[in-house]
Amino acid sequence: MTYLYVGRESEGTKAQLATLTQQTFDDRQVIVGSSSPLVGIDVNHQRLHEGRAYIAYYVQNSGTLLANGASIDFVFAAGPGITPHMTFGGFCGGDSELFLYEAPTTTGGDAFTPVNRNRTSANTSNVAMVTNPTVNTVGTELFKEFIPGGIKKKAGGGGGDSLEYYLAPLTNYLVRLTNLSGSGQIAEIILEWYE
């Protein structure tokens with residue numbers, strides 16, 4: 001992201017009036033006014049309006065349950081100069097663990113095209129990703145969470161979410177959900193980010 005700093009002639013003097021400016025989606029400064037009202041929403045919401053918010057998902061549904069001890073894997077990397085601000089989550093019908101790893105080594109997998117959450121935008125993500133590749137090494141563990149699924153009469157699905165991560169460009173990341181329930185389960189991973 002480019003920052004544009006604006007110098008004003010009146011910076012060193014006391015003044016009763018000031019002109020407020022803000023950055024636009026194309027990194028230009030615009031004076032706040034009736035045609036460009038001050039943005040009063042959080043940055044995640046603003047990126048959605050700008051067409052820079054994306055989602056990716058993988059669901060292991062009831063037609064083919066995720067076996068006990070098996071994992072759903074998402075491997076992805078951002079292009080040069082792109083630093084995704086990402087959160088991710090996982091759900092499973094029983095006990096499971098959710099991981100984030102940096103710099104895994106993988107081969108193969110099924111390509112997944114990220115979905116732009118602003119359906120009026122033609123922007124495409126600069127993040128390349130695959131689901132369920134062959135994982136040779138997982139890399140450095142950055143996050144691990146146990147997702148309880150319950151026991152006996154209180155057994156049920158559980159879900160977990162991460163904090164936001166500011167990810168490096170040109171670096172592979174692996175998000176993994178592993179079923180630890182003792183039986184096949186419905187499971188899914190969801191990744192959300194903006195660029």
From the list R52, E50, H85, side-chain hydrogen bond (donor to acceptor under 3.5 Å, both in side chains) partner of Y194 resolves to H85

Hey, could you give me each pair passing salt bridge (Lys or Arg N to Asp or Glu O under 4.0 Å) that has a residue in residues 62-87? Not counting sequence neighbours. D73-R176

Looking at every non-hydrogen atom in both residues, tell me the closest pair between Y173 and A168 and how far apart they are. OH-N, 3.1 Å

Could you pull out the closest heavy-atom pair between P84 and V127, with the gap in Å? CG-CG2, 3.9 Å

Using 0.5 Å steps for rounding, measure from the CD1 atom of I55 to the CE atom of M86. 10.5 Å

Does a side-chain heavy-atom distance below 4.5 Å link I186 with L65? yes

From T87 OG1 over to N44 CG, what is the distance, rounded to the nearest 0.5 angstrom? 8.0 Å

Establish whether I190 and V130 are linked, either directly or via other cluster members, by ILVMFWY side-chain heavy-atom contacts under 4.5 Å. no

Answer yes if the side chains of E195 and S125 hold a donor-acceptor pair under 3.5 Å, and no otherwise. yes

Could you state whether V135 and F143 fall into the same hydrophobic cluster, counting links through intermediate Ile, Leu, Val, Met, Phe, Trp or Tyr residues with side-chain heavy atoms under 4.5 angstrom apart? no

Run V175 and L98 through side chain to side chain contact (heavy atoms under 4.5 Å, CB included) and show every step you take. CA-CA 7 Å; V175 174; L98 183 63; 4.2 Å; yes

Might you point out which heavy atoms bring N179 and C92 nearest each other, and give the distance in Å? OD1-SG, 4.0 Å

Out of curiosity, F91 CZ to Q60 CD, how far, rounded to the nearest 0.5 Å? 16.0 Å

For the pair D95 (side chain) and G149 (backbone), establish whether a donor and an acceptor sit closer than 3.5 Å, ignoring hydrogens and angles. yes

Got a second to check how far S121's OG is from L48's CG, nearest 0.5 Å? 9.5 Å

Grab the two heavy atoms, one from V59 and one from E188, that are nearest each other, plus how far apart they are. CG2-OE1, 3.3 Å

Could you name each residue pair satisfying ring-ring contact (aromatic ring centres under 6.0 Å, His included) that touches residues 104-131, not counting sequence neighbours? Y57-F112, F74-F112

Kindly compute the distance separating CG (L167) from CG (L100), expressed to the nearest 0.5 Å. 6.5 Å

Measure the OG1-CG distance between T107 and N136 for me, rounded to the nearest 0.5 Å. 5.0 Å

Taking the side chain as C-beta and beyond, is there a heavy-atom pair between N68 and S183 under 4.5 Å? no

For atom CD1 of I31, is the number of surrounding heavy atoms from other residues, nucleotides or ligands below 6.0 Å larger than 12? no

Contacts of type side-chain hydrogen bond (donor to acceptor under 3.5 Å, both in side chains), residue N132, not counting sequence neighbours: Y58

For P104 and L174 the tightest heavy-atom approach is CG-CB, 3.7 Å

With salt bridge (Lys or Arg N to Asp or Glu O under 4.0 Å) as the rule and sequence neighbours excluded, what pairs involving residues 108-129 come up? R117-E192

Taking only residues two or more places apart in sequence, or in another chain, which ones meet E141 in a side-chain contact (heavy atoms from CB on, under 4.5 Å)? F99, Y101, K144

Short side-chain to backbone donor-acceptor contact, N126 and G79, under 3.5 Å: no

Shortest non-hydrogen separation from Y54 to P114 and the atoms involved: CB-CB, 4.4 Å

The test is side chain to side chain contact (heavy atoms under 4.5 Å, CB included); show your working for L191 and M129 and say whether it passes. CA-CA 11 Å; L191 313 174; M129 54 182 37; 3.9 Å; yes

Please identify each residue that fulfils side-chain hydrogen bond (donor to acceptor under 3.5 Å, both in side chains) with N118, with sequence neighbours left out. T120

